[in-house]
Amino acid sequence: MVARVNYDEVEAGTELPPLTIPVTRGTLVQYAGASGDFNPIHWNEKFAKEVGLPDVIAHGMFTMASAVRVVTDWVGDPGALVEYGVRFTKPVVVPNDDKGALIEVSGKVAAKLDDAARTVRVDLTVTSAGQKVLGQSRAVVRLA
Amino acid sequence: MPLDPSFVGRTYPPTESYEVGREKIREFADAVGDANPAYHDPEAAKALGHPDVIAPPTFPFALTYRAAAQVVKDPDLGLDFSRVVHGDQKFAYTRPVRAGDRLSVTVTIEAIKSMAGNDFLTVRGEVYAADGEHVVTSLMMLVVRAVEAESDAAKVGG
């Protein structure tokens with residue numbers, strides 16, 4: 001495991017480089033195939049509206065996978081991740097056009113947890129269309 | 001009928017082994033738009049100290065979710081899946097999943113709580129390699145919506 005961020009060089013409040021992730025209907029079809037989650041709320045507008053959704057929504061697990069990139073891109077080695085958890089608070093609504101939706105992810109070091117294990121907790125802020133889509137989105141990562 | 005809390009602690013038989021392939025990892029990483037070389041290039045993964053390409057952090061969900069079907073479809077528990085949404089998800093890693101792993105999942109009902117007519121069911125999935133090494137723990141919390149709250153809660157969707 002070779003994280004490229006040094007524990008001694010970060011402190012509570014250190015900001016991670018943010019990411020903006022575009023999501024189109026095509027993205028959702030591709031994720032459905034790769035993950036095996038074929039729930040029609042993620043690709044069938046008629047079905048989504050029948051169950052009370054405003055439109056097709058992204059897979060929560062797609063949003064979760066996208067958000068953690070802020071952490072893994074920062075440390076370089078995804079194997080440095082110790083824990084990762086999120087709460088699904090609002091759906092990412094994906095309209096049927098060439099733009100789709102955007103997921104905006106930012107993160108900062110919330111606390112240095114263990115000087116010996118060199119672990120820090122990163123809190124992520126994940127929004128789409130100005131709404132927080134993940135809550136309590138936290139990762140624990142081991143630094144170099 | 002709320003879920004019966006006496007089911008907490010019930011463990012289900014381990015799943016049949018799932019062999020993790022390099023191309024499946026690549027397909028998944030591409031689908032989440034993640035170009036990290038540790039997912040795509042065995043040499044890059046080795047340079048980081050991994051024996052082969054590793055899988056993105058949420059990859060194990062495909063296995064743990066499938067394994068959780070044992071709980072969801074347990075006739076004794078009597079879950080109404082049409083009212084279920086994914087409330088939250090956590091992973092705790094011993095090591096990353098990697099190509100060549102033969103993984104098996106053992107699921108346990110971790111918690112059952114009821115609040116305002118909604119049930120909250122937490123399913124723990126312990127993922128082990130063929131040699132018995134622990135790889136990752138998944139904690140999946142499902143919300144079983146109260147019948148009358150359906151139109152609101154449906155919007156949470158996972």
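First the proteins, then the strands, lettered A, B, ... as listed; each starts at 1.
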Open item on the list: I'd like to know whether the aromatic ring centres of B:Phe61 and A:His59 sit less than 6.0 Å apart in this structure.
Closed with: no

- [ ] Indicate yes or no for a side-chain donor-acceptor contact from B:Ser104 to the backbone of B:Thr15 under 3.5 Å, with no hydrogens or angles considered.
- [x] yes

- [ ] From the options A:Asp98, A:Asp55, A:Asp97, select the one residue that forms a salt bridge (charged side-chain N to carboxylate O under 4.0 Å, His left out) with A:Arg25.
- [x] A:Asp55

Open item on the list: For B:Tyr39, which atoms come within 4.5 Å of any heavy atom of chain A: side chain, backbone, both, or neither?
Closed with: side chain

TODO: Measure distances from B:Ala92 to the heavy atoms of chain A and classify the residue's part below 4.5 Å as side chain, backbone, both or neither.
DONE: both

Open item on the list: Please give me the minimum heavy-atom distance between A:Pro91 and A:Ile57, naming the atom from each residue.
Closed with: CB-CG2, 3.6 Å

Open item on the list: According to side-chain contact (heavy atoms from CB on, under 4.5 Å), who are the partners of B:Thr94, at least two apart in sequence or on a separate chain?
Closed with: B:His134

What pairs of donor and acceptor atoms, side-chain ones from residues 66-74 of chain B against any protein atom, are under 3.5 angstrom apart with sequence neighbours left out?
residue	atom	partner	partner atom	Å
B:Gln70	NE2	B:Ala67	O	3.1
B:Asp74	OD1	B:Asp76	N	2.9
B:Asp74	OD2	B:Arg10	NH1	2.9
B:Asp74	OD2	B:Tyr12	OH	2.7

- [ ] Spell out the residues in residues 19-37 of chain B that have some non-hydrogen atom less than 4.5 Å away from a non-hydrogen atom of chain A, in order of number; otherwise answer 'none'.
- [x] B:Lys24, B:Glu27, B:Phe28, B:Asp30, B:Ala31, B:Val32, B:Gly33, B:Asp34, B:Asn36

Task: Basic-acidic side-chain contact under 4.0 Å: A:Asp8, A:Arg118 - done: yes

TODO: Could you walk me through whether B:Ile54 and A:Asp77 pass side chain to side chain contact (heavy atoms under 4.5 Å, CB included), step by step?
DONE: CA-CA 10 Å; B:Ile54 62 172; A:Asp77 181 4; 4.1 Å; yes

Task: Over all atoms of both residues, closest heavy-atom pair of B:Pro42 and B:Asp52 - done: CB-OD1, 4.0 Å

Task: chain B neighbours within residues 62-72 of chain A, where any heavy atom lies under 4.5 Å away - done: A:Phe62, A:Met64, A:Ala65, A:Val68, A:Arg69, A:Thr72

Open item on the list: Give me the atom names and distance for the closest heavy-atom approach of B:Phe59 to B:Tyr18.
Closed with: CZ-OH, 3.9 Å

- [ ] Count the heavy-atom pairs under 4.5 Å between each of B:Pro56, B:Pro57, B:Ala44 and chain A, then report the option with the highest count.
- [x] B:Pro57

Open item on the list: Applying the side-chain hydrogen bond (donor to acceptor under 3.5 Å, both in side chains) criterion to B:Thr137, which one of B:Lys90, B:Glu110, B:Glu126 satisfies it?
Closed with: B:Glu126

